**Q** 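Next up is a structure, given as structure tokens.
Any value given below was found using the heavy atoms of this structure, including those in side chains, with hydrogens, waters and symmetry copies removed. The sequence lines fix the lettering, A, B, ..., with proteins before strands; numbering per chain opens at 1. Computed from a predicted structure; not experimentally measured.
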Amino acid sequence: MQTFKSSFLQTLQERGFIHQCSDFEGVDALALKGELIAYVGYDCTAASLHIGNLLSIMMLHHLQASGNKPITLMGGGTTRVGDPSGKDETRKLLTVEQINDNKNSIKQVFSKLLTFGDGKTDCIMLDNADWLTKLNYIDMLRDIGRHFSVNRMLSMDSVKLRLERDQEMSFIEFNYMILQAYDFVELARNYGCNLQMGGSDQWGNIINGVDLGRRMKNKEVEAHQLYALTTPLLTTASGAKMGKTASGAVWLNADMFSAYDYWQFWRNTEDADVARFLKLFTLLPMDEIAKLEALQGADINNAKIRLATEATALIHGTDAANQAADTARKTFEQGIVATNLPTFEYPRAEIIGMGVLDAFRITQLCASNGEARRLIAGGGLSVNSVSVTSHTHILSETDIVESFVKLSFGKKKNALLKAI
RNA sequence: GGGGGAGUGUCCCGAGUGGCAAAGGGGGCGGACUGUAAAUCCGCUGGCUACGCCUUCGUAGGUUCGAGUCCUACCUCCCCCA
């Protein structure tokens, strides 16, 4: 454990953000003077960022809060190439249109946690398509390519692992690290950027940028020392990768993952992870987290509720977070029908006489009749909190309580049929 | 260019003798126990108008009462030689 002088590194350290750094002292000195200009790059492979990316956004937030300048870099150019890090197979190449759509869709999240503008510590957003697409192949080989040793590139994890597993690695992907390294130098040159942060899987790519900066400095480019800082890979205490659920990733955009589901995701955190996540994913002061951390047994649930509400508020706003907390309390603790569950309206006459299989399919709780049948056989479906015992059950007048029928899939997924 | 090998249940890995809706894992989901946790145990993990029918083993044909399994061509990938 080292001690840092700057509040930036102190904060990152006590909250558990730090995995590796190329030079702690150098970063500490810059941070102390408020002269850090740090960037994180974001892939545009999906229409939303997910909680894996959230870690680095939080880091940028702490950076800004400590008086330094953050840069968010959209990978409009690099996404056209595809990052091979941590992937077994080549991903399908996205079209330029898809990438642009994704880029626009992703952008909205940053303003929740970062202040943009023209001021000294205001965040700026850039897109590496602006310079990467203008590169000339021969010039690039001469100016940048000569600084890269293929011997070394082959030894990078992102390449080596592919080769060891006999997995295909195309030339386009092989170039990814060069482009990312170039990004760093480009940002250093034009924006004074001096630090790149990212997940631990990005270490190799980031270091390449640092090295490129040094090599070019000796030659033609007026550049300053560049630094690298990475966060640990996020896993749950039981070792599973963070952020994957049955339906896929935990997205940050509300239209892809509702505030309620997002709240639920954090609410279902394992006991052993609560303190760690409070530090990483909320802005609660450390002494308050210490109090929550001290809770034992079933009281840990209070800490989880706090975690869920705080984390949801950061991304979806305080109102949405409180509403999600409220819905959860009614649904789970009081068994009351909360009306902001997913609701599907149908004429009263149609609901009466509707088969349960249809009802669960219509409300999208079950994907097929077969799935509904299986779950009924296993006691997993219920109507108005009463377990359904037969797949031939027909909804009747008595199932409609104050014009609602509450359908539940397991204990955690609910939907309402509303009679109109 | 020559020789050898591989592609299996649309989540992944992986058995598979001509009778196969296809072994076994992992993951996921549901149930029990709990605290909306973890661990553990049990069940499920192609579709349907459902004791029956339809669609699935790289693609397209063929042999056969019957093909994941045999034959032919093609596609993709890997290894060795040049």
Side-chain angles (χ1 to χ4, degrees), chain A residues 86-93 161-171 173 235-250 258-278 292-293 295-309 311-312 321 324-336 338 341 353-358 360-361 364-383 385-394 406-415:
Chain A
K87 297 185 189 66
D88 274 352
E89 293 171 14
T90 306
R91 211 193 298 228
K92 294 177 267 325
L93 281 179
L161 295 176
R162 281 278 187 93
L163 296 180
E164 278 172 1
R165 293 184 201 174
D166 289 337
Q167 298 285 349
E168 151 100 357
M169 171 99 187
S170 71
F171 186 65
E173 292 176 284
T235 55
T236 66
S238 22
K241 268 186 198 158
M242 267 292 277
K244 294 287 180 188
T245 67
S247 42
V250 177
S258 74
Y260 178 73
D261 287 337
Y262 193 77
W263 193 93
Q264 282 295 327
F265 171 78
W266 294 108
R267 174 63 244 262
N268 286 316
T269 298
E270 291 179 33
D271 286 8
D273 288 326
V274 176
R276 193 158 57 97
F277 289 176
L278 279 167
L292 291 169
E293 195 173 358
L295 294 173
Q296 293 295 319
D299 285 340
I300 291 175
N301 281 325
N302 294 327
K304 291 184 187 178
I305 291 169
R306 194 68 197 280
L307 167 66
T309 307
T312 306
D326 192 50
T327 302
R329 190 165 40 73
K330 283 180 180 160
T331 311
F332 287 99
E333 294 173 25
Q334 300 169 9
I336 298 173
L341 291 170
M354 184 184 283
V356 267
L357 298 183
D358 287 334
F360 277 93
R361 210 159 29 73
Q364 295 165 22
L365 289 170
C366 293
S368 70
N369 286 357
E371 185 186 11
R373 280 166 202 269
R374 282 194 294 273
L375 282 157
I376 288 171
L381 297 184
S382 48
V383 173
S385 305
V386 178
S387 182
V388 179
T389 51
S390 160
H391 63 81
T392 56
H393 181 74
I394 306 286
K406 182 174 121 183
L407 304 172
S408 312
F409 176 108
K411 287 176 180 140
K412 299 182 183 177
K413 274 174 277 179
N414 304 287

**Q** Is there a Watson-Crick or G-U wobble partner for B/rG43 with both distances under 3.5 Å, and if so, which one is it?
**A**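 B/rC29 is the nucleotide pairing with B/rG43.
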**Q** Between P on B/rC48 and CG on A/D358, what's the gap in Å once rounded to a whole number?
**A**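 Interatomic distance, CG of A/D358 to P of B/rC48: 11 Å.
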**Q** Under a 4.5 Å cut-off applied to non-hydrogen side-chain atoms, are A/L357 and A/R373 in contact?
**A**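 Answer yes - side chains close enough.
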**Q** Using the C1' atom as the point on both nucleotides, what is the distance between B/rG62 and B/rC81, in whole Å?
**A**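 Straight-line distance between the two C1' atoms is 34 Å.
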**Q** Between B/rG2 and B/rU55, how far apart are the P atoms? Round to whole Å, please.
**A**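 Comparing P positions in B/rU55 and B/rG2 gives a spacing of 40 Å.
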**Q** Go through the N and O atoms of the side chain of A/D271 and the base of B/rG35, and report whether any donor-acceptor pair is under 3.5 Å.
**A**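 Side chain to base: pair present.
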**Q** Mind checking the P distance from B/rG24 to B/rC77? Whole angstroms is fine.
**A**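 These two P atoms come out 34 Å apart once rounded.
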**Q** Could you tell me if A/N268 and A/K412 have a donor-acceptor pair between their side chains, going purely by distance under 3.5 Å?
**A**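 A/N268 and A/K412 do have a side-chain donor-acceptor pair below 3.5 Å.
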**Q** To the nearest Å, give me how far apart CD1 (A/I376) and P (B/rA50) are.
**A**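 After rounding, the gap between these two atoms is 15 Å.
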**Q** Rounding to an integer number of angstrom, what distance separates B/rA60 and B/rG25 when you compare their P atoms?
**A**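 Approximately 32 Å lies between the P atom of B/rA60 and that of B/rG25.
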**Q** Just checking, is any N or O donor in the side chain of A/W263 or A/T309 under 3.5 Å from an acceptor N or O on the other one?
**A**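 Their side chains do contain a donor-acceptor pair, which is all the 3.5 Å distance test asks for.
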**Q** Under a 4.5 Å cut-off applied to non-hydrogen side-chain atoms, are A/I305 and A/R267 in contact?
**A**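 The answer is yes; the side chains approach within 4.5 Å.
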**Q** In this structure, how many angstroms lie between the C1' atom of B/rU34 and the CG atom of A/D299, rounded?
**A**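 Roughly 15 Å, once rounded to whole Å.
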**Q** For B/rA6 versus B/rG58, give the span between their C1' atoms, rounded off to a whole number of Å.
**A**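 The answer is 11 Å between these two C1' atoms.
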**Q** Specify the separation, in whole Å, of atom CG of A/N268 and atom P of B/rA38.
**A**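 In whole Å, B/rA38 P lies 8 Å from A/N268 CG.
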**Q** Scan every strand shown for a Watson-Crick or G-U wobble partner of B/rU56, both distances under 3.5 Å, and answer none if you come up empty.
**A**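 Pairing partner, where one exists within any strand: none, as none qualifies.
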**Q** Can you tell me whether the base of B/rC11 sits syn or anti, using the 90° cut around 0 to define syn?
**A**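 Because its glycosidic torsion lies more than 90° from 0, B/rC11 adopts the anti conformation.
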**Q** When all nucleic acid strands are considered with a 4.0 Å heavy-atom cut-off, which category describes A/Q264: base, sugar-phosphate, or nothing?
**A**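 Touches a base.
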**Q** Work out how far the C1' atom of B/rA39 is from that of B/rU34, and round it to whole angstrom.
**A**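 B/rA39 and B/rU34 have their C1' atoms separated by 11 Å.
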**Q** Find the partner of B/rC70: check Watson-Crick (N1-N3 plus N6-O4 or O6-N4) and G-U wobble (N1-O2, O6-N3) distances, both under 3.5 Å, and reply none if neither fits.
**A**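 Across any shown strand, B/rC70 pairs with B/rG62.
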**Q** Return the 5'-most residue of the pair A/L357, A/I305 with respect to RNA chain B, ranking by each residue's nearest nucleotide.
**A**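 Nearer the 5' end of the strand: A/I305.
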**Q** Using OP1 and OP2 only, check whether a side-chain N or O of A/N369 sits under 4.0 Å from B/rU49.
**A**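 Yes, within the criterion.
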**Q** Answer with base, sugar-phosphate or nothing: what part of the nucleic acid does A/A328 contact at a heavy-atom distance below 4.0 Å?
**A**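 It contacts base atoms.
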**Q** Counting side-chain heavy atoms from C-beta on, which of B/rA38, B/rU36, B/rC29 comes nearest to A/E270?
**A**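 Out of B/rA38, B/rU36, B/rC29, the nucleotide with an atom closest to A/E270's side chain is B/rA38.
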**Q** Syn or anti: how is B/rC51 classified when any glycosidic angle within 90° of 0 counts as syn?
**A**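 It is syn.
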**Q** Between P on B/rA37 and CG on A/L292, what's the gap in Å once rounded to a whole number?
**A**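 Distance check: A/L292 CG to B/rA37 P gives 19 Å.
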**Q** Is there a donor-acceptor contact under 3.5 Å from the side chain of A/S408 to the main chain of A/G410?
**A**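 Checking the backbone N and O of A/G410 against the side chain of A/S408, no donor-acceptor pair under 3.5 Å is found.
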**Q** Taking atom P of B/rA38 as reference, at what distance in whole Å does atom CZ of A/F277 sit?
**A**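 Atom CZ in A/F277 sits about 12 Å away from atom P in B/rA38.
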**Q** Ignoring hydrogens, what is the shortest heavy-atom contact between A/G355 and A/I394? Give both atom names and the distance.
**A**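 Nearest pair, atom of A/G355 first, then A/I394: CA-CD1, 4.1 Å.
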**Q** Pick the closest RNA chain B nucleotide for A/R361 and for A/G380 by heavy atoms, then say which residue is nearer the 5' end.
**A**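 With A/R361 and A/G380 compared, the 5'-side residue is A/G380.
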**Q** If the cut-off is 4.0 Å, is A/K411 near the phosphate of B/rA32, judged by side-chain N/O to OP1 or OP2?
**A**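 Indeed, a polar side-chain atom of A/K411 lies that close.
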**Q** Rounding to the closest angstrom, what is the interatomic distance between B/rA67 and B/rU56 at atom P?
**A**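 Looking at atom P only, B/rA67 and B/rU56 are 12 Å apart.
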**Q** Which whole-number value in Å describes the distance from A/D261 CG to B/rU36 C1'?
**A**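 Spelled out: CG on A/D261 to C1' on B/rU36 is 13 Å.
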**Q** Side-chain contact test, heavy atoms from C-beta onward, threshold under 4.5 Å: evaluate it for A/I376 versus A/T389 and give yes or no.
**A**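 No - every pair of side-chain heavy atoms lies 4.5 Å or more apart.
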**Q** Determine: side-chain N/O of A/S368 to OP1/OP2 of B/rG47, distance under 4.0 Å, yes or no.
**A**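 Indeed, a polar side-chain atom of A/S368 lies that close.
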**Q** Using a 4.0 Å heavy-atom cut-off across all strands, classify A/R374 as base, sugar-phosphate, or nothing.
**A**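 Contact class for A/R374: sugar-phosphate only.
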**Q** Which nucleotide sits closest to the side chain of A/R373: B/rA37, B/rC29, B/rA50?
**A**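 So the side chain of A/R373 is nearest to B/rA50.
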**Q** Report the residues that fulfil salt bridge (charged side-chain N to carboxylate O under 4.0 Å, His left out) with A/D299, sequence neighbours left out, ordered by chain and then residue number.
**A**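 Salt bridge (charged side-chain N to carboxylate O under 4.0 Å, His left out) list for A/D299, sorted by chain: empty.
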**Q** At under 4.0 Å, does any side-chain N or O of A/K304 touch on OP1 or OP2 of B/rA38?
**A**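 Negative; the distance criterion is not met.
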**Q** Rounding to an integer number of angstrom, what distance separates B/rC44 and B/rA37 when you compare their P atoms?
**A**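 After rounding to an integer number of Å, I get 23 Å for this pair.
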**Q** Counting Watson-Crick and G-U wobble pairs only, both distances under 3.5 Å, name the nucleotide matched with B/rC77, or none.
**A**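 By the stated definition (distances under 3.5 Å), B/rG5 pairs with B/rC77.
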**Q** Does the structure show a Watson-Crick or G-U wobble partner for B/rG35, both distances under 3.5 Å? Name it, or say none.
**A**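 By the stated definition (distances under 3.5 Å), nothing pairs with B/rG35.
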**Q** Please state how far atom CZ in A/F265 lies from atom P in B/rA37, giving the value in whole angstrom units.
**A**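 About 14 Å, once rounded to whole Å.
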